[in-house]
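Position 1 is the first residue of the sequence, and the numbers go up from there. Computed from a predicted model, the values in this text were never measured in an experiment.
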Amino acid sequence: MGVSRGRRQGSSCQLCHFGGTTPKIMGIFNGLGTMVFAYGGHSVVLEIQATLPSKPGVPNSTFKPYMWGVALAYAAIAYCYFCVAFAGYWAFGNGVASNIMLSVERPHWLVAVANLLVVIHVFGSYQMYAMPVFDMAEDLCRRRNIKNKVFTRVFVRSLFVVFTAFIGITLPFFGDLLGFFGAFGFAPMTFWMPSVIWLVVMKPSKKSWDFWLNVLNITVFVIIMFLAAIGSIYSIIQDAKTYQFYQ
């Protein structure tokens with residue numbers, strides 16, 4: 001879209017200084033959190049893996065096809081993200097918005113179709129991300145002897161959707177929040193907690209490569225988690241200085 005029409009007038013691919021060294025560094029940290037968010041999995045993946053049927057007498061028979069599916073999924077995600085990232089930065093330069101659809105202005109029909117596809121995607125992905133919360137809320141209702149399924153499945157879920165929509169409208173720091181959620185939500189669950197669990201369960205020798213590779217993975221992503229959290233919080237504070245609610 002942007003590549004076929006050439007670069008936007010006045011756009012530059014030079015490194016943006018963001019007003020000083022500190023904002024530039026914090027922007028890089030926040031970008032790390034955004035990348036973690038983009039490539040992070042979620043708790044539904046664990047449920048899918050746990051419920052895959054195995055062949056009788058053949059333990060872990062679904063592990064290989066499951067890993068093939070994960071590899072293909074991440075390859076498709078990487079292809080889409082990198083295409084958008086490279087083309088968007090080439091066309092709009094360092095002035096590209098955190099939500100790239102805000103930078104694309106024409107053709108209008110293509111922008112409308114892209115936004116419609118985003119809405120369709122959110123309908124499905126929101127259900128996947130929210131399903132563990134719904135399960136937890138329904139389990140809490142059962143423990144309190146609330147057996148009305150209409151209440152638990154309609155009222156509680158609707159209340160959660162309204163609450164998250166209110167938070168999203170009130171705090172529309174899209175890029176900054178991605179970094180924050182990537183740091184504290186997806187970095188532990190996807191990148192370093194699995195290594196911790198593997199070390200605890202498998203107990204590999206400290207002289208093996210597996211042990212030190214997992215330790216390295218834990219160390220790197222714990223550092224990224226804290227740096228991304230610092231960068232995103234800094235960016236939210238800076239944006240909040242000029243933000244006016246619902247305007």
Side-chain angles (χ1 to χ4, degrees), residues 29-51 73 77 80-81 84 97-104 111-144 146-191 193 224-226 228-247:
F29 290 167
N30 188 36
L32 292 174
T34 303
M35 288 189 288
V36 170
F37 181 93
Y39 291 97
H42 47 77
S43 55
V44 177
V45 173
L46 302 177
E47 294 187 13
I48 295 173
Q49 186 178 14
T51 55
I77 292 172
C80 295
Y81 283 172
V84 173
S98 57
N99 181 359
I100 195 172
M101 293 309 301
L102 299 177
S103 297
V104 181
V111 175
V113 171
N115 282 299
L116 177 62
L117 293 176
V118 169
V119 172
I120 295 173
H121 166 72
V122 170
F123 272 124
S125 61
Y126 185 88
Q127 296 297 321
M128 294 181 64
Y129 279 91
M131 193 58 66
V133 179
F134 295 155
D135 291 341
M136 182 180 64
E138 292 179 8
D139 182 64
L140 182 62
C141 290
R142 283 193 296 268
R143 292 182 182 181
R144 294 181 177 273
I146 302 175
K147 299 180 180 179
N148 191 331
K149 292 185 178 181
V150 175
F151 175 82
T152 57
R153 294 198 173 184
V154 177
F155 178 77
V156 174
R157 295 189 181 196
S158 299
L159 185 64
F160 177 77
V161 172
V162 170
F163 173 74
T164 54
F166 171 76
I167 296 298
I169 296 171
T170 305
L171 303 174
F173 307 119
F174 184 74
D176 304 336
L177 287 175
L178 286 184
F180 182 81
F181 292 139
F184 282 117
F186 293 87
M189 185 167 52
T190 305
F191 293 100
M193 277 299 294
I224 289 177
M225 180 183 72
F226 284 108
I230 293 171
S232 61
I233 292 173
Y234 177 88
S235 300
I236 291 173
I237 293 173
Q238 294 301 311
D239 291 342
K241 293 179 179 179
T242 58
Y243 175 66
Q244 296 179 352
F245 286 100
Y246 310 114
Q247 293 185 7

query = Is Ser232 reaching over with its side chain to a backbone N or O of Ala229, donor-acceptor style, under 3.5 angstrom?
reply = yes
remark   = Taking every heavy atom of Val156 against every heavy atom of Ala137, the minimum-distance pair comes out as CG1-CB, 3.6 Å
inquiry  = Please enumerate all residues that pass side chain to side chain donor-acceptor pair (under 3.5 Å) together with Gln238, with sequence neighbours excluded.
reply    = none
ask   = Does Phe180 have any ring pair (Phe, Tyr, Trp, His ring centres under 6.0 Å) partners at least two apart in sequence or in another chain, and if so, which?
value = Phe184
task = Applying side-chain contact (heavy atoms from CB on, under 4.5 Å), name anything that partners Leu140, two or more places apart in sequence or on another chain.
result = Arg144
query = Is there any salt bridge (Lys or Arg N to Asp or Glu O under 4.0 Å) pair reaching into residues 177-188, and which pairs are they, with sequence neighbours excluded?
reply = none
query = Sequence neighbours excluded, which residues qualify as side chain to side chain donor-acceptor pair (under 3.5 Å) partners of Asn115?
reply = none
remark   = With sequence neighbours left out, the residues meeting ring pair (Phe, Tyr, Trp, His ring centres under 6.0 Å) with Phe160 are Phe134
remark   = CZ of Arg143 to CD of Glu138, rounded to nearest 0.5 Å, is 13.0 Å
query = Among all residues two or more places apart in sequence or in another chain, which pass the side-chain contact (heavy atoms from CB on, under 4.5 Å) test with Val118?
reply = Val122
query = Looking at residues at least two apart in the chain, or sitting in another chain, which of them share a side-chain contact (heavy atoms from CB on, under 4.5 Å) with Ile230?
reply = Met26
Contacts of type side-chain contact (heavy atoms from CB on, under 4.5 Å), residue Val161, not counting sequence neighbours = Tyr126
task = Could you tell me the separation between the SG atom of Cys141 and the CZ atom of Phe155, rounded to the nearest 0.5 Å?
result = 10.0 Å
